[in-house]
Structure formats: C-alpha cells, structure tokens
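Take a look at the structure set out below.
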Amino acid sequence: MYAQMVKSTGSGAKSREEMTPEEAAFQDKIDADIKIEPRDWMPEGYRKTLIRQIGQHAHSEIVGQLPEGNWITRAPTLERKAILLAKVQDEAGHGLYLYSAAETLGITRDEMTEQLLDGRAKYSSIFNYPTLNWADIGAVGWLVDGAAIMNQVPLQRTSYGPYSRAMIRICKEESFHQRQGYDIVMKMAQGSPEQKKMAQDALNRLWYPSLMMFGPSDKDSVHSAQSMAWKIKINTNDELRQKFVDQTVPQAEFLGLTIPDENLKWNEDKSGYDFSEPDWGEFFDVLKGNGPCNQDRMATRNKAWDEGAWVREGLMAHAEKKAEKKRATELAAQQAAE
Amino acid sequence: MSQEWPLWEIFIRGQHGLSHRHVGSLHAPDAEMAIKNARDVYTRRNEGVSIWVVEAKHISATAPGEKGPLFEPSESKVYRHPSFFDIPEEAGHM
C-alpha cells in the first residue's frame with residue numbers, strides 16, 4: 001500500500017443522527033456509488049484526508065523511482081535497461097496523475113512538493129530500504145509492485161472521481177511492473193546457484209518490508225472507519241495483507257524460493273495462510289525517518305528540486321517573453337491594418 | 001518559491017477516429033511544452049494520434065448546482081429515442 005496510516009480529521013464515522021443535511025446528502029451519494037467531483041460540496045474532513053492520502057500516494061510514486069533508477073545504468077542487458085527505464089518513467093507518470101488529482105481538491109503542486117521536501121508529508125516506508133543488487137530490482141517489481149496493485153485495484157472504485165480515474169489508469173500500467181519483476185527473479189532463480197542464492201537473499205530482505213506496506217492492523221482505527229464510510233479506503237489493511245500473502249506464496253514456490261517465515265502455514269479453516277507479522281517497531285522507526293535510506297532519499301529529492309529551479313524559472317521566463325513578443329507583433333499588425 | 005507553471009488540460013484523440021477525450025492535466029510553461037509533456041505523460045502506450053492542450057483557466061464549466069435545471073428536463077422526453085415508437089414488423093426494417 002502506498003498510503004500508510006493516513007489520518008482522517010474526525011473522531012470516527014458520524015452516525016446519521018449526527019450529520020448535517022449536507023453531510024447526509026453527501027453520504028447518500030457515496031452510498032449510491034455516485035462519484036464526488038471537484039466542485040461538488042464535500043465535508044472538510046473528506047477533502048483534507050483525501051489530500052493527505054493522494055499526496056502520500058503521489059510522493060511514494062516519485063520517491064519510488066529512486067531505488068530503481070539507481071540500477072538503470074547497471075542493468076545486465078540492453079533490453080533489461082530499456083524495460084527498467086520504461087518502468088521508472090511510468091512511476092513518474094503515476095506520480096503526476098495523482099498530483100493532478102490532489103490539485104483538484106485545492107492544494108497546489110508546489111505546496112505538496114514542499115511538504116514532501118521538508119518532511120511534513122510521508123511516502124511509503126518501503127522506499128527507505130536499499131536495492132543492493134540486481135536481484136533486488138526483480139524483488140521490488142514482484143513484491144513491492146505486487147503489494148501496491150493489491151491496494152490500488154480496489155481504489156479504482158473510490159468515491160472521488162479524479163482519484164478513481166487516476167487509479168484506473170495506474171492499474172492498467174502497473175501489471176507490467178509486477179510481471180517484469182517476477183521475470184527477473186525467475187531468470188535468477190533458474191540460473192546458476194549463485195544467482196538463485198541472490199534471488200533468495202532479495203526475497204529474505206524484502207519480504208517483511210513488503211508486508212509493512214499495508215500498514216499495521218487497523219481493525220480498531222477510527223481513521224479507517226471514517227475513510228471506509230467515505231469509500232476512500234475500500235479494504236482493511238489486514239484483508240489486503242492476507243490477500244497479498246495468499247497470492248505470493250505459490251509464486252515463490254513455483255520459483256523454488258522459500259518465504260522467510262517459519263510460521264507460514266496453510267490454514268484450511270480460513271482458506272488462507274497463517275503468517276508472521278512484520279516487526280512493527282521497525283516500521284514505526286522507518287516512518288519516523290530512521291530507516292536505512294530515509295536521509296538519502298530526501299537528500300536526493302531536495303537536490304533535484306533545488307538544482308532544477310533554474311530550469312523551471314528559465315522556461316517560465318522564456319514562455320512569458322515569447323507571449324509578450326507575440327502580443328507586440330499582433331498589436332503592430334493591427335495598427336498597420338488600421 | 002518561484003511562480004508555478006500554469007495548469008493545462010489534456011485532450012487526446014485515440015486510434016479509431018474518435019473525438020478528442022479529456023485524459024487529465026499537467027503543468028507546463030507554455031502550450032508547446034504542454035504538448036511535449038502530454039506526449040510523455042499520456043501516450044506512452046500508443047494511446048493517441050493527436051493531442052489538444054488548453055490552459056485550465058480558459059475552460060468554462062457548468063456549476064454542480066445547475067445539474068437539475070439543465071439536465072433533468074431531457075429525462076421526460078423519451079420520445080427523442082427511437083425505441084419510444086412501436087413500428088409493426090410488417091412495415092419492414094426501419
């Protein structure tokens with residue numbers, strides 16, 4: 001999940017009796033699966049929670065380019081390089097679709113960027129882990145994009161129109177990401193013993209961080225209850241995590257790789273796997289900024305933003321100059337005609 | 001903080017001779033760059049054969065509150081649809 005622990009503003013979902021007439025009408029629309037569009041009336045909490053959630057999602061796409069971009073120049077073949085380049089370019093696109101969706105709620109792109117760069121806005125914890133070798137690039141596509149898809153597919157039905165449309169587009173493109181990752185891991189798992197060992201090692205390191213992507217159990221969370229009533233969250237974190245484990249275990253078995261969990265066991269009663277929880281202490285620590293790569297990621301983003309300033313300003317100045325010249329030419333032509 | 005690039009709405013004509021359709025928006029300093037960016041952001045998978053860009057501030061739109069008065073009247077005019085009329089089979093294809 002690319003948005004973890006998004007706080008809503010209220011103290012849980014309001015009951016019908018507590019709602020104002022506007023809030024009740026709004027909830028009726030959501031219950032009837034009518035999409036909310038930018039200029040429609042919406043509760044302030046809905047607007048704020050969505051800005052936070054979509055923003056976090058967008059930031060994750062952008063920061064998510066870093067661990068993979070790191071390997072573009074070192075991909076093992078030209079074909080793998082072209083594929084990875086296309087994937088990383090997609091992530092930039094996904095970030096842009098989502099920023100645009102958030103902007104329709106009344107926040108500017110620059111405000112969102114500033115929030116990311118000064119640490120007020122979060123991005124997914126997963127991107128604070130390093131990609132140490134080529135096998136990690138495979139594991140990221142397979143596991144990280146796999147987990148992201150788990151969360152994004154239901155979000156295509158989210159109540160906010162622009163967010164829903166962005167998710168539909170993203171989901172269409174995302175499936176390639178997971179498959180290319182699995183393809184890399186498959187190649188390595190079926191390769192030399194050293195390559196297979198690398199694939200196993202990548203799975204060992206990225207398994208629990210991937211499970212953390214769904215966030216901690218939210219069965220008692222007031223934020224989740226409100227977000228689910230508003231249909232900006234469709235499934236609980238635990239539901240999605242379970243689905244992810246159930247889907248991924250057979251994929252690992254097919255490759256002859258072992259999920260690094262001694263407690264992993266098929267449970268006939270729930271038709272799903274029992275599995276170990278990740279270390280939530282580590283998760284909160286990473287969120288606080290103490291993961292292996294937090295500082296590195298933020299330093300890279302800040303550098304890119306600062307060093308790109310002259311390009312942004314220069315292009316704007318050029319556009320203004322051109323527009324001014326065009327106005328002058330038109331005016332001269334008009335005067336000549338008179 | 002310097003001035004933010006203006007927002008552009010992007011319209012793309014798909015492959016099959018359909019109308020341009022709104023696909024999303026992006027920021028760009030001018031129309032030329034908006035088209036270049038739109039090509040990168042919205043046609044990475046062969047989605048289009050033509051791009052229109054319009055600066056968002058130039059678009060006028062109906063207000064959500066006008067939905068009823070504007071669009072509900074057509075609901076009662078079912079005779080505008082061909083299926084309203086029963087034409088006997090003997091009359092042949094129509």
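This structure is a prediction, so every number in the text was calculated from the model and none was measured. Every chain is numbered from 1 and lettered A, B, ... according to where its sequence line falls, protein lines coming before strand lines.
- Interface remark: A:Thr104 contributes no atoms to any contact with chain B (heavy atom separation under 4.5 Å).
- Using a 4.5 Å cut-off between heavy atoms, B:Glu47 touches chain A through its side chain atoms alone.
- Residue A:Glu330 qualifies as enclosed at atom CD: its count of foreign heavy atoms under 6.0 Å is above 12.
- Within 6.0 Å of CG in A:Leu331 there are more than 12 heavy atoms belonging to other residues, nucleotides or ligands.
- At most 12 non-hydrogen atoms from other residues, nucleotides or ligands lie less than 6.0 angstrom from NZ of A:Lys303.
- One finds a salt bridge joining A:Asp90 and B:Arg45 here, because a Lys/Arg side-chain nitrogen approaches an Asp/Glu carboxylate oxygen to under 4.0 Å.
- Note that CG of B:Leu26 and CD of A:Glu103 are 10.0 Å apart. Values are rounded to the nearest 0.5 Å.
- A 6.0 Å sphere centred on CZ of A:Arg39 holds more than 12 heavy atoms belonging to other residues, nucleotides or ligands.
- Residue with the most contacts toward chain A among B:Met33, B:His27, B:Lys67: B:His27 (heavy-atom pairs, distance under 4.5 Å).
- The environment of CD in B:Glu89 is sparse: at most 12 heavy-atom neighbours from other residues, nucleotides or ligands sit within 6.0 Å.
- The backbone N or O of B:Ser25 sits less than 3.5 Å from a side-chain atom of A:Ser100, completing a donor-acceptor pair.
- B:Arg80 CZ: 12 or fewer foreign heavy atoms inside a 6.0 Å radius.
- For the options A:Lys172, A:Glu320, A:Arg169, A:His318, heavy-atom pairs under 4.5 Å to chain B are most numerous at A:Arg169.
- Distance CD/A:Gln89 to CZ/B:Arg44: 5.5 Å, rounded to 0.5 Å.
- Expressed to the nearest 0.5 Å, how far CG of B:Asn37 lies from CG of A:Leu96 amounts to 8.5 Å.
- Residue A:Arg47 qualifies as enclosed at atom CZ: its count of foreign heavy atoms under 6.0 Å is above 12.
- Checked by atom type and distance alone, the side chain of B:Gln3 never pairs as donor or acceptor with a backbone atom of A:Met316 at under 3.5 Å.
- B:Glu4 has no carboxylate O lying under 4.0 Å from a charged side-chain N of A:Arg312, or vice versa, which leaves the two without a salt bridge.
- Of the listed residues (B:Gly65, B:Ala63, B:Ala56), the greatest number of heavy-atom pairs within a distance under 4.5 Å of chain A belongs to B:Ala63.
- For the atom pair A:Leu315 CG and B:Glu32 CD, the distance stands at 10.0 Å (nearest 0.5 Å).
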